[in-house]
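In this chain, residues are counted from 1 in sequence order. The figures here come from the full heavy-atom set of this structure, side chains too, leaving out hydrogens, waters and symmetry mates.
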Amino acid sequence: MAAVCGNFGLNYSFAAACHGDHTEKRDDAQKKQFVTSAGLGGEAVNGDKQITVRQFLLMVILFTIGSSLLAIPSNAAASMKQGAWIPIIVGMGCSCLILFILMKTVHRYPTLTFVEINSLLLGKWAGTLVSLMWILTAFIGGVCTVVYYMGHFVTTQIMTATPDYIINIIFSALLVMGLHLGLRTVARTAEILFPVVAVLIAALIGFVSPKIQLEHFQPVWEAGITPILKITLDYVSFAGFPLVFFLMIYPSSVRTGTKASKTFVLGSLIGGMLLLLVTAACIGVLGAEPTARLFYPSYALAKRINIAEFITRIEVIVAAIWIITLFFETIVYFYATMKGLAQLLKLSDERALVLPLGVLAAVLSMVVYHNSAYQQEWDERTWPFWVMTSGLFFPLLLLAVGTIRKKKIP
């Protein structure tokens, strides 16, 4: 079996490499287009920097799961008890509305990134200020915090004798390596690893489903309206508003451009459905109260797997899911930071910023949260309103200014 899998992997890699070489030659033969906007200089829209619609879909799904798998189940159970699944459904609908606003904002300028649109519509100084605030949210609130999540999870659940900074450095190094190889390489990696995540989630749900107790879901509507609104805000703060950082990729770096809008929405919905299944499984197996008390309820859920006293203690399933999805979530935050800064600084190749930003992320991840209690306080009370500024207020501002000024790409 190992030999067959190894041969399959080699054949797949060889075929992918050959296909990539052919595509790059074809793309290099095409005429390069340059976009100039508000003193930013030219940004080449090359075929070799664009990803396919399928790759974009998978990246959105993995991004949506990401850190939501940590925050949402326990928060929802703490506020909504047995009805923890209800605000997730509401949050999925709100995320679709957020995506509608984001797509209306960028579809007028399909060859520009979010940072370039800022400078085009708001002018040099105001556009630069808004872009810097937006980039700061992506880097501090995105990259650094998710690197912290990774280190905290591994050192508290798996490798308890390992210092946090070791895991943070290793994870940051993987991010630097991935982005140095380019966006298309990361997207191809998503194609390879997404089936792994899908199979592991299916295995997790399948193995624990016999232990689900329907009485854990009753009564359904016990908490009222206010907790639903609170958890819905939590959901969109992790899986809705942060989708704005894909605007450094969509539509300018997606081959079909604005035609991938349905894919954007579909990816968000699929990611939300997978998160809904995991949350429902936590409630059904563990119960509302234990789910609310646990810091990593999905990890505790995997510990309940016991099939004939033979298949047991395979919580590495959840660890693998979380590590893979966190990697792609951090990659999107990192890419938005890197490319946005490169456009503000008029750099011809954004990859010159990969190593400095990676080192800075590893350092700041050690101080971004003082402790776990501070992390929970920040995630529940500060982060939703901070990311709302970047994920809702700024796009609405650009949409309003663009509607009034009706400025076209020079």
Asks: Quick one: CG on Leu174 to CD1 on Ile169, what's the gap to the nearest 0.5 Å?
Replies: 12.0 Å
Asks: Look up atom CD1 in Ile166 and atom OG1 in Thr155, then write down how far apart they are to the nearest 0.5 Å.
Replies: 11.0 Å
Asks: Under the ring pair (Phe, Tyr, Trp, His ring centres under 6.0 Å) rule, collect the residues that match up with Phe139, sequence neighbours excluded.
Replies: none
Asks: Is the ring centre of Tyr369 less than 6.0 Å from the ring centre of Tyr148?
Replies: yes
Asks: List the atom of Thr325, the atom of Gly66, and the distance in Å for their closest heavy-atom pair.
Replies: CB-N, 3.6 Å
Asks: Between Phe63 and Phe246 (judged by ring centroids, cut-off 6.0 Å), do the two rings come close enough to count as a pair?
Replies: yes
Asks: What pairs meet the salt bridge (charged side-chain N to carboxylate O under 4.0 Å, His left out) rule with one or both residues in residues 235-245, with sequence neighbours excluded?
Replies: none
Asks: Would you please say whether a donor-acceptor pair under 3.5 Å links the side chains of Arg108 and Thr403?
Replies: yes
Asks: Which pairs count as side chain to side chain donor-acceptor pair (under 3.5 Å) when at least one residue sits in residues 384-399, sequence neighbours excluded?
Replies: Thr137-Trp386, Thr137-Ser390
Asks: Classify the angle between the aromatic ring planes of Phe114 and Trp134 as parallel (below 30°), tilted (30 to 60°) or perpendicular (above 60°).
Replies: parallel
Asks: Looking at residues at least two apart in the chain, or sitting in another chain, which of them share a ring pair (Phe, Tyr, Trp, His ring centres under 6.0 Å) with Tyr299?
Replies: Phe153
Asks: Show me the side-chain donor-acceptor pairs of residues 256-280 shorter than 3.5 Å, one per line, residues at least two apart or across chains.
Replies:
residue : atom : partner : partner atom : Å
Ser261  : OG   : Thr258  : O            : 3.4
Thr279  : OG1  : Leu275  : O            : 2.9

Asks: Around atom NE2 of His107, are there more than 12 heavy atoms of other residues, nucleotides or ligands at under 6.0 Å?
Replies: yes
Asks: Any non-hydrogen side-chain atom of Gln375 less than 4.5 Å from a side-chain atom of Leu70?
Replies: yes
Asks: What distance do Thr291 atom OG1 and Leu301 atom CG have between them, rounded to the nearest 0.5 Å?
Replies: 8.0 Å
Asks: Report the distance from atom CD1 of Ile201 to atom OG of Ser298, rounding to the nearest 0.5 Å.
Replies: 10.0 Å
Asks: Scan Gln55, Arg184, Arg255 and name whichever one has a side-chain contact (heavy atoms from CB on, under 4.5 Å) with Gln50.
Replies: Arg255
Asks: What distance do Ser172 atom OG and Met177 atom CE have between them, rounded to the nearest 0.5 Å?
Replies: 12.0 Å
Asks: Give every residue pair that meets the salt bridge (charged side-chain N to carboxylate O under 4.0 Å, His left out) criterion with at least one member in residues 314-335, sequence neighbours excluded.
Replies: Arg313-Glu315
Asks: Describe, in one word, how the ring planes of His152 and Tyr296 are oriented to each other, choosing from parallel (under 30°), tilted (30 to 60°) and perpendicular (over 60°).
Replies: tilted
